[in-house]
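Okay, so here's the structure we're looking at.
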Amino acid sequence: EPEGARERAFREACGDRAPAVRELSLPPLDAGSCERVLAALGVARTAEQRAAIVAASGGNPFFLSALAVSSDELSADVDALIVARVARLDEPARRVLQAACVADRPLTRASLSAVSGVRGARELAAVASLRAARLVSVYRARDDECIDARHDRVREAVSRATPADE
């Protein structure tokens, strides 16, 4: 992806209401840091299972937490875990997330409501639950908010799993 492309897409979506955005590249967590995150999350698994979670996450905190809370059957397929999490969402939250991911750029609340068909209190509740699940980020942009997939991997997995007619 060309440098600054995400920032330009964000600014295009939010217009002159967009706050200053700076993308930071962070190195992956080392194994010791991953172990501390797993301990903080209360993951009670065997040392072998924790090592498999750490390896499958690649040091990415988002993937680490998704793998840590997955079922006892450890899946190294992060996309499958994301799709499984999305399948457990209620219908309004799933539609809002699908709209945010398929758009491939941040959307204002008005645009998100129009695309997803989820409006009013249902849209507010859907975005709140998606934020709590760490699937979307909400950026304040003067008088409006922009909603975007929290991670490109979420956007990609959800976009691939979303039927073309939805």
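When the side chains of ILVMFWY residues are joined at heavy-atom separations under 4.5 Å, either directly or via intervening members, Leu41 and Ile53 end up in a single hydrophobic cluster. With hydrophobic clusters built from ILVMFWY side chains whose heavy atoms lie under 4.5 angstrom apart, Val83 does not share a cluster with Val136.
Nearest heavy atoms, Cys146 versus Pro106: CB-CB, 4.1 Å. When all heavy atoms of Ala157 and Ile82 are compared, the closest pair comes out as CB-CG2, 4.0 Å.
Residue pairs meeting the salt bridge (Lys or Arg N to Asp or Glu O under 4.0 Å) criterion with at least one member in residues 53-69: none, sequence neighbours excluded. Applying the salt bridge (Lys or Arg N to Asp or Glu O under 4.0 Å) test to residues at least two apart or on different chains, the pairs with a partner in residues 107-129 are Arg109-Glu123, Arg109-Glu145. Applying the ring pair (Phe, Tyr, Trp, His ring centres under 6.0 Å) test to residues at least two apart or on different chains, none of the pairs has a partner in residues 37-58.
Residues passing the side chain to side chain contact (heavy atoms under 4.5 Å, CB included) test with Ala99, sequence neighbours excluded: Leu112, Val115, Ser116. Arg150 pairs by the salt bridge (Lys or Arg N to Asp or Glu O under 4.0 Å) definition with nothing, not counting sequence neighbours. By the side chain to side chain contact (heavy atoms under 4.5 Å, CB included) test, Ser129 pairs with Ala93, sequence neighbours left out. In this view, Ser33 and Asp30, Arg36 satisfy the side chain to side chain donor-acceptor pair (under 3.5 Å) rule, not counting sequence neighbours. In terms of the side chain to side chain contact (heavy atoms under 4.5 Å, CB included) criterion, residue partners of Arg85 (sequence neighbours excluded) are, by chain and number, Phe62, Ala66, Arg88, Ala133, Leu135. With sequence neighbours left out, the side chain to side chain contact (heavy atoms under 4.5 Å, CB included) criterion links Arg94 to Val86, Leu89, Glu91, Gln98.
Note that SG of Cys34 is 5.0 Å distant from CG of Leu64, once rounded to the nearest 0.5 Å.
Val138 places a side-chain heavy atom less than 4.5 Å from the side chain of Ile147. Counting only heavy atoms from C-beta outward, the side chains of Arg155 and Asp148 approach each other to under 4.5 Å. Side-chain contact between Asn60 and Arg153 is absent, with no heavy-atom pair separated by less than 4.5 Å. In this structure, Val37 and Ser65 have side chains that are not in contact, with every pair of non-hydrogen atoms separated by 4.5 Å or more.
Distance alone, capped at 3.5 Å, is enough to place a donor-acceptor pair between the Ser113 side chain and the Val118 backbone.
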